[in-house]
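In what follows, every chain begins at residue 1, and chains take the letters A, B, ... in the order their sequences are listed.
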Number of protein chains: 2
Amino acid sequence: MTQTVAPLPSFDPACPMSAFPIQVGGKWTAMIVLCLENGPRRFGVLRRHLRPISTKVLAETLTAMGRDGLVRRCPVEGADDGGVEYELTPLGRTLLDVIEHTRDWARTHLSELVRARDAFDRAATASKAVLGTSRAP
Amino acid sequence: MTQTVAPLPSFDPACPMSAFPIQVGGKWTAMIVLCLENGPRRFGVLRRHLRPISTKVLAETLTAMGRDGLVRRCPVEGADDGGVEYELTPLGRTLLDVIEHTRDWARTHLSELVRARDAFDRAATASKAVLGTSRAP
DNA sequence: CTGTATCCCCTACGATACTG
DNA sequence: CAGTATCGTAGGGGATACAG
């Protein structure tokens, strides 16, 4: 009897939810959120702290985050060089919780994952060595 | 007096943690985890459910997840066609919690993000229209 | 100092065809 | 049905140069 074992969750490609598998944004988004946790920061401060990020990617990421309402540009207090600072919006702040959960997971389980990966790679290398005993590059 | 405002979190590029900004894996990893939540599934079942995923990408993702110890291949019960099923390992199961938190965030805040994005895009389009009144492509 | 503009590369993803 | 092999593409990310 082929019963429908259990209902799988449905993923509508048209639903914006599918754009959020688990990643929040680009490679640097989470780090930027973390950097802005304790107050607004200037472009250069972020750049230096996030090095080796390139200016292009930092600007792009910041723009994208602004577009999504996660971050806001505000004129820097008491500076006349036209500089601006970036600060987290209330919406951006809500990400801190999710990020913290992710980091918790990593702190707890990442070593296990790395161990599994190493074991897998060692096994792959080993079998390759066996297969390659009669053929040198 | 230039005090060190507040200590920013440090991101060591050499630390494997930096490989986990917030995304767990590829585009499909989280969905696969969700699909395996209630028991092992066969390749074809996943493929059909995750459509429009390609066989190549599904195989790749599953392999990568196996390498990371998130998923395990097991011979399918009572079948002689040499088929296998994929099941979540205990480590893979720990991802369910993180994913659930992410989905919670999305359910609560995604609409706000989309609204911000739309507003931003409308504003950009509007200013472009103004600039373009005297120049046609 | 704060970006924007190029150029390039590499990988993830996708379509398709083919094998066990 | 369960993959592997090939080919093609788009976009993210990086380096560098240049403009405000």
Side-chain angles (χ1 to χ4, degrees), chain A residues 2 11 13 18-32 35-36 40-68 71-87 124 127-128 131, chain B residues 2 11 13 18-32 35-36 40-68 71-87 124 127-128 131:
Chain A
T2 37
F11 303 108
S18 49
F20 283 71
I22 203 173
Q23 67 183 355
V24 171
K27 176 177 177 179
W28 303 96
T29 306
M31 295 191 217
I32 291 176
C35 282
L36 298 179
R41 304 286 180 190
R42 301 206 45 157
F43 186 92
V45 173
L46 292 172
R47 169 156 162 54
R48 277 186 297 280
H49 193 77
L50 260 21
R51 192 172 16 198
I53 194 176
S54 64
T55 68
K56 177 201 163 209
V57 172
L58 180 54
E60 276 178 358
T61 307
L62 251 12
T63 300
M65 291 174 74
R67 181 168 102 104
D68 288 349
V71 130
R72 181 188 321 150
R73 293 174 45 135
C74 53
V76 59
E77 199 93 7
D80 49 351
D81 59 346
V84 294
E85 283 186 324
Y86 292 87
E87 70 177 354
S127 52
K128 263 212 166 178
L131 291 173
Chain B
T2 35
F11 303 108
S18 47
F20 285 70
I22 202 172
Q23 67 183 355
V24 170
K27 176 177 178 180
W28 302 96
T29 306
M31 295 191 216
I32 290 176
C35 282
L36 298 180
R41 305 286 181 191
R42 303 205 47 158
F43 186 93
V45 173
L46 292 172
R47 168 155 163 54
R48 275 186 298 279
H49 193 77
L50 260 20
R51 191 172 17 195
I53 194 176
S54 64
T55 69
K56 178 198 164 212
V57 171
L58 179 54
E60 276 177 359
T61 306
L62 252 11
T63 300
M65 291 174 73
R67 179 168 103 104
D68 288 349
V71 129
R72 181 189 322 151
R73 291 172 45 126
C74 54
V76 59
E77 198 94 6
D80 49 352
D81 59 348
V84 295
E85 283 186 324
Y86 293 88
E87 69 177 355
S127 53
K128 263 212 164 176
L131 291 173

message = Go through it in stages, so that I can follow the logic: the residues are A/Thr63 and A/Glu60, the test is side chain to side chain contact (heavy atoms under 4.5 Å, CB included), and I'd like the CA-CA distance, side-chain angles, deciding distance and then a yes or no.
response = CA-CA 5 Å; A/Thr63 300; A/Glu60 276 178 358; 5.7 Å; no
ask   = Salt-bridged, A/Glu87 to A/Arg72, with N to O below 4.0 Å?
value = yes
task = Quick one, give me the B/S/- string for nucleotides 4-20 of chain C, reading 5' to 3', where B means a protein heavy atom under 4.0 Å from the base and S means that only happens at the primed atoms, P, OP1 or OP2.
result = BBBB-----BBBB----
key: Terminal helix-axis angle for the helix from C/dC1-D/dG20 to C/dG20-D/dC1, with five pairs defining each axis and rounding to 10 degrees   = 30°
How many whole angstroms separate atom [atom1] of [X] from atom [atom2] of [N]?
X       : N      : atom1 : atom2 : result
B/Leu50 : D/dA2  : CG    : P     : 14 Å
A/Leu58 : D/dT16 : CG    : P     : 17 Å
B/Arg51 : D/dC1  : CZ    : P     : 12 Å
A/Arg41 : C/dT2  : CZ    : P     : 14 Å
B/Leu46 : D/dA2  : CG    : P     : 9 Å

Note, B/Tyr86 side chain near B/Arg41 side chain (heavy atom, < 4.5 Å) =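 With C-beta onward as the side chain, the pair stays apart.
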key: Residue pair A/Thr61 / A/Thr29, side-chain heavy-atom distance below 4.5 Å   =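 With C-beta onward as the side chain, the pair touches.
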inquiry  = When you measure from the side-chain N and O atoms of A/Arg42 to the phosphate of C/dC1, is any distance below 4.0 Å, counting only OP1 and OP2?
reply    =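 Answer is no, no contact under 4.0 Å.
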message = For D/dG3 and B/Tyr86 - does any side-chain N or O of the residue sit under 4.0 Å from the phosphate oxygens OP1/OP2?
response = yes
request  = Quick one: do B/Ile53 and B/Leu46 satisfy side chain to side chain contact (heavy atoms under 4.5 Å, CB included)? Show the steps, please.
outcome  = CA-CA 9 Å; B/Ile53 194 176; B/Leu46 292 172; over 6 Å; no
query = Would A/Leu50 and A/Cys35 count as a side chain to side chain contact (heavy atoms under 4.5 Å, CB included) if you check the C-alpha gap in whole Å, the side-chain angles of each, and the deciding distance to 0.1 Å?
reply = CA-CA 9 Å; A/Leu50 260 21; A/Cys35 282; 3.7 Å; yes
message = How close do B/Leu62 and B/Phe43 get, counting heavy atoms only, and between which atoms?
response =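 That would be CD2-CD1, 4.1 Å.
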ask   = Distance from A/Arg47 atom CZ to A/Arg42 atom CZ, nearest 0.5 Å?
value =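 Interatomic distance, A/Arg47 CZ to A/Arg42 CZ, rounded to 0.5 Å: 14.5 Å.
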